[in-house]
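Okay, so here's the structure we're looking at.
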Amino acid sequence: TLAPTATPTSAPNAIQVNLSVRFQGITKKPVAAYCQSKKVKVTIKGSSLSQPKVLNDIVVTANNQGIYTGSFSLTDIQAGNNYTMAIKGPQHLQRVFAGANFQLGENTANLTSTPLFVGDFPLQNGVLNQQDVQFLKSRVLSSLENQAADVNCDGVVNGNDYSLLIESMKIKYDDEQ
């Protein structure tokens, strides 16, 4: 469950969310410069919303422990309970966190206890399937564009990246919201 905590802020009518996430296979600050920050998609549903609030391209930046942090503001939603927050990384399956309680001011959403699993590569369709396996497999030790396939962000696409994909396949498919 997700339980953002509220602390006072200078903008009393705004909901600010400070987000922390982990990505499967990244346990320290990434070696590859293109992995220093990533863009995630955040979808908020529930409580007072008649339709989901979708925030694309929220930038999160890695620290030395491989935890990515970023922040975003929520407008047009009421403070309160019973929200769900779905996070989708650029090469990752969406993960849904239930039980969000957003208060006016700053809120902390520490979602690092379970990583976002590898598996939904471009062209993304929301699930880990044969297209994703083929995408990564074709880039292992090849000269093809590799940034999207370097899931552990060590600067090279190899068996380690492929192993993470196989591990992800054993765990679950994309959370639906």
Side-chain angles (χ1 to χ4, degrees), residues 1-30 35-122 124-129 132 151-153 164 167-177:
T1 62
L2 169 70
T5 55
T7 52
T9 183
S10 59
N13 295 323
I15 296 173
Q16 180 73 24
V17 179
N18 299 315
L19 175 67
S20 298
V21 295
R22 280 189 319 121
F23 296 101
Q24 179 190 22
I26 301 176
T27 58
K28 60 183 179 181
K29 189 165 191 138
C35 285
Q36 299 297 315
S37 63
K38 294 179 178 278
K39 291 181 180 179
V40 297
K41 175 181 165 185
V42 177
T43 305
I44 309 292
K45 282 180 96 176
S47 200
S48 65
L49 296 175
S50 59
Q51 54 186 320
K53 175 107 174 137
V54 179
L55 305 163
N56 291 303
D57 298 331
I58 302 299
V59 176
V60 291
T61 304
N63 66 16
N64 289 334
Q65 292 76 39
I67 305 277
Y68 284 75
T69 59
S71 63
F72 57 91
S73 295
L74 293 174
T75 56
D76 302 328
I77 76 165
Q78 297 175 358
N81 299 323
N82 301 321
Y83 288 101
T84 60
M85 183 163 51
I87 311 293
K88 169 97 175 69
Q91 309 132 312
H92 304 84
L93 299 172
Q94 176 177 274
R95 185 158 201 91
V96 176
F97 300 89
N101 176 18
F102 297 117
Q103 301 300 319
L104 293 177
E106 287 193 32
N107 295 262
T108 300
N110 183 346
L111 310 177
T112 60
S113 62
T114 304
L116 298 181
F117 294 111
V118 169
D120 192 15
F121 295 102
Q124 296 187 338
N125 61 2
V127 296
L128 192 166
N129 58 21
D132 300 306
V151 295
N152 66 352
C153 294
L164 288 169
E167 181 182 329
S168 186
M169 290 174 72
K170 293 177 184 177
I171 296 170
K172 66 185 306 190
Y173 278 91
D174 208 16
D175 274 338
E176 292 186 28
Q177 189 171 337

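Positions are given from 1, in the same order as the sequence printed here.
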Practice item. Return the minimal non-hydrogen interatomic distance between Ala62 and Lys29, and the atom names on each side. Key: O-NZ, 3.7 Å
Practice item. First locate atom CE of Met85, then atom NZ of Lys45, and finally report the distance between them rounded to the nearest 0.5 Å. Key: 15.0 Å
Exercise for review: Walk me through it: do Ile26 and Lys38 pass the test side chain to side chain contact (heavy atoms under 4.5 Å, CB included)?
Suggested key: CA-CA 12 Å; Ile26 301 176; Lys38 294 179 178 278; 4.0 Å; yes
Check your understanding: Any luck finding a side-chain donor-acceptor pair between Asn110 and Thr112 under 3.5 Å?
Key -> yes
Check your understanding: So, the side chain of Gln36 versus the backbone of Pro30: is there a donor-acceptor pair under 3.5 Å, distance only?
Key -> yes
**Study point:** Test applied, side-chain contact (heavy atoms from CB on, under 4.5 Å); reference residue, Leu111; option that passes from Ile67, Ile87, Leu116
**Key:** Ile87
**Study point:** Minimal non-hydrogen separation, Thr61 against Ser37, with atom names
**Key:** OG1-CB, 3.8 Å
Exercise for review: Determine whether Arg95 and Leu93 make a side-chain contact, defined as any pair of heavy atoms from C-beta on separated by less than 4.5 Å.
Suggested key: no
Check your understanding: Under a 4.5 Å cut-off applied to non-hydrogen side-chain atoms, are Thr75 and Lys53 in contact?
Key -> yes
Check your understanding: Is Gln24 reaching over with its side chain to a backbone N or O of Leu164, donor-acceptor style, under 3.5 angstrom?
Key -> yes
Point to revise | Rounded distance [0.5 Å steps], CD1 in Ile15 versus CZ in Phe72 | key: 10.0 Å
Exercise for review: First locate atom CD of Gln51, then atom CD1 of Ile44, and finally report the distance between them rounded to the nearest 0.5 Å.
Suggested key: 14.0 Å
Review point. Step by step, would you call Asn18 with Asn107 a side chain to side chain contact (heavy atoms under 4.5 Å, CB included)?
Key: CA-CA 6 Å; Asn18 299 315; Asn107 295 262; over 6 Å; no
Practice item. Check Ala79 against Leu104 and note the closest heavy-atom contact, atom names and distance. Key: CB-N, 3.9 Å
Check your understanding: Shortest non-hydrogen contact from Pro90 to Lys39?
Key -> CD-O, 3.4 Å
Point to revise | Pairwise side-chain contact, Ile77 with Tyr83, heavy-atom cut-off 4.5 Å (strictly under) | key: yes
Exercise for review: Might you work through the side chain to side chain contact (heavy atoms under 4.5 Å, CB included) test for Tyr68 and Val40, ending with a clear yes or no?
Suggested key: CA-CA 10 Å; Tyr68 284 75; Val40 297; over 6 Å; no
Check your understanding: Does atom CD of Gln78 have more than 12 heavy-atom neighbours from other groups under 6.0 Å away?
Key -> no
**Study point:** Donor-acceptor pair between Gln94 and Lys41 side chains, under 3.5 angstrom
**Key:** no
Practice item. Using modelled atom types only, decide if a donor and an acceptor are shared between the side chain of Asp120 and the backbone of Gln124 within a distance under 3.5 Å. Key: no
Review point. Below 4.5 Å, heavy atoms only, C-beta onward: do Gln91 and Val118 meet side chain to side chain?
Key: no
Point to revise | Heavy-atom check, side chain of Phe117 versus side chain of Leu128, under 4.5 Å | key: no
**Study point:** Main-chain N/O of Leu74 paired with Asp76 side-chain donor or acceptor, under 3.5 Å
**Key:** no
Check your understanding: Does the Asp132 side chain pair with the main chain of Phe121, one donor and one acceptor, at a distance under 3.5 Å?
Key -> yes
